[in-house]
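FYI, the numbering just counts along the sequence from 1. No hydrogens, no waters, no symmetry mates; every other heavy atom, side chains included, goes into these values. Just so it is clear, the model here is predicted, and its values are computed rather than measured.
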Amino acid sequence: MGLPAMTVEQRAKALAKARTARRALLAEVACGAVSVAEVFERGRQDVVGRTRVVQVLRAVPGYGPARVAALMATCGVAEKQRVGALNERQRERLLRSLSS
């Protein structure tokens, strides 16, 4: 079963909707309304699962590009890894590193 054929307008509308949802998720992480653990739990949801781990970690206050890159390297997470593709061990390592 393949994906339904979409018109150019439908694709543009779907892309805008996904970007808005992703922006809202990252804003919630930045203000502390949603924790990284909660984001990882919701990783099976479409928009959350397709968000890159780097984006989520950079949204955490106090974590910039260098700190996030070092954290991901020590936890064995690829730079382009998406939240939905994280395995349990990677999630545990990231959460443990964030809490310490």
Side-chain angles (χ1 to χ4, degrees):
M1 176 171 232
L3 295 172
M6 296 174 73
T7 65
V8 175
E9 294 83 20
Q10 289 172 329
R11 289 178 58 93
K13 191 180 273 188
L15 181 61
K17 183 179 176 183
R19 283 182 178 159
T20 303
R22 193 173 298 115
R23 206 174 299 129
L25 172 72
L26 295 176
E28 288 177 341
V29 171
C31 74
V34 175
S35 69
V36 176
E38 292 170 342
V39 172
F40 289 170
E41 287 174 11
R42 294 176 7 192
R44 298 288 178 227
Q45 295 176 358
D46 192 38
V47 173
V48 178
R50 292 183 181 188
T51 304
R52 294 196 189 274
V53 177
V54 172
Q55 291 178 307
V56 174
L57 295 178
R58 283 188 185 167
V60 176
Y63 282 81
R67 193 169 183 187
V68 168
L71 175 68
M72 290 183 61
T74 58
C75 293
V77 179
E79 180 181 331
K80 295 192 176 195
Q81 187 87 25
R82 297 186 186 273
V83 172
L86 286 173
N87 62 39
E88 194 62 36
R89 183 177 298 157
Q90 290 171 325
R91 284 188 198 126
E92 289 173 6
R93 286 180 184 168
L94 285 170
L95 293 173
R96 195 174 330 117
S97 296
L98 284 171
S99 65
S100 60

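For Gln90 (side chain) and Asn87 (main-chain N/O), a donor-acceptor pair under 3.5 Å exists by modelled atom type.
Enclosure of atom CZ in Arg58 by more than 12 non-hydrogen atoms of other residues, nucleotides or ligands within 6.0 angstrom is indicated.
In plain terms, the two heavy atoms of Tyr63 and Leu57 that are nearest each other are CB-O, 3.4 Å. The shortest non-hydrogen separation linking Val39 to Val48 is O-CG1, 3.4 Å.
Annotation: side-chain contact (heavy atoms from CB on, under 4.5 Å) contacts of Ala16 (sequence neighbours excluded): none. Evaluation of the salt bridge (Lys or Arg N to Asp or Glu O under 4.0 Å) rule for Arg42 yields no partner, not counting sequence neighbours. Listed by chain and residue number, nothing satisfies the side-chain contact (heavy atoms from CB on, under 4.5 Å) test with Ala24 (two or more places apart in sequence, or in another chain). Checked against side-chain hydrogen bond (donor to acceptor under 3.5 Å, both in side chains), Arg91 has the following partners two or more places apart in sequence or in another chain: Glu88.
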Pair up each side-chain donor or acceptor in residues 64-81 with any protein partner under 3.5 Å, not counting sequence neighbours, and list the distances.
residue : atom : partner : partner atom : Å
Arg67   : NH1  : Gly62   : O            : 3.1
Thr74   : OG1  : Ala70   : O            : 3.3
Thr74   : OG1  : Leu71   : O            : 2.9
Gln81   : NE2  : Ala85   : O            : 3.0

Output side-chain donor-acceptor pairs under 3.5 Å for residues 4-14, partner residues at least two apart or in another chain, one line each.
residue : atom : partner : partner atom : Å
Thr7    : OG1  : Glu9    : OE1          : 3.4
Thr7    : OG1  : Gln10   : N            : 3.2
Gln10   : OE1  : Thr7    : N            : 2.9

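No chain of hydrophobic side-chain contacts below 4.5 Å, direct or via other Ile, Leu, Val, Met, Phe, Trp or Tyr residues, connects Val29 to Val47.
A heavy-atom distance below 4.5 Å is found between the side chains of Leu25 and Thr51.
Atom CG in Leu26 sits 11.0 Å away from atom SG in Cys31 (nearest 0.5 Å).
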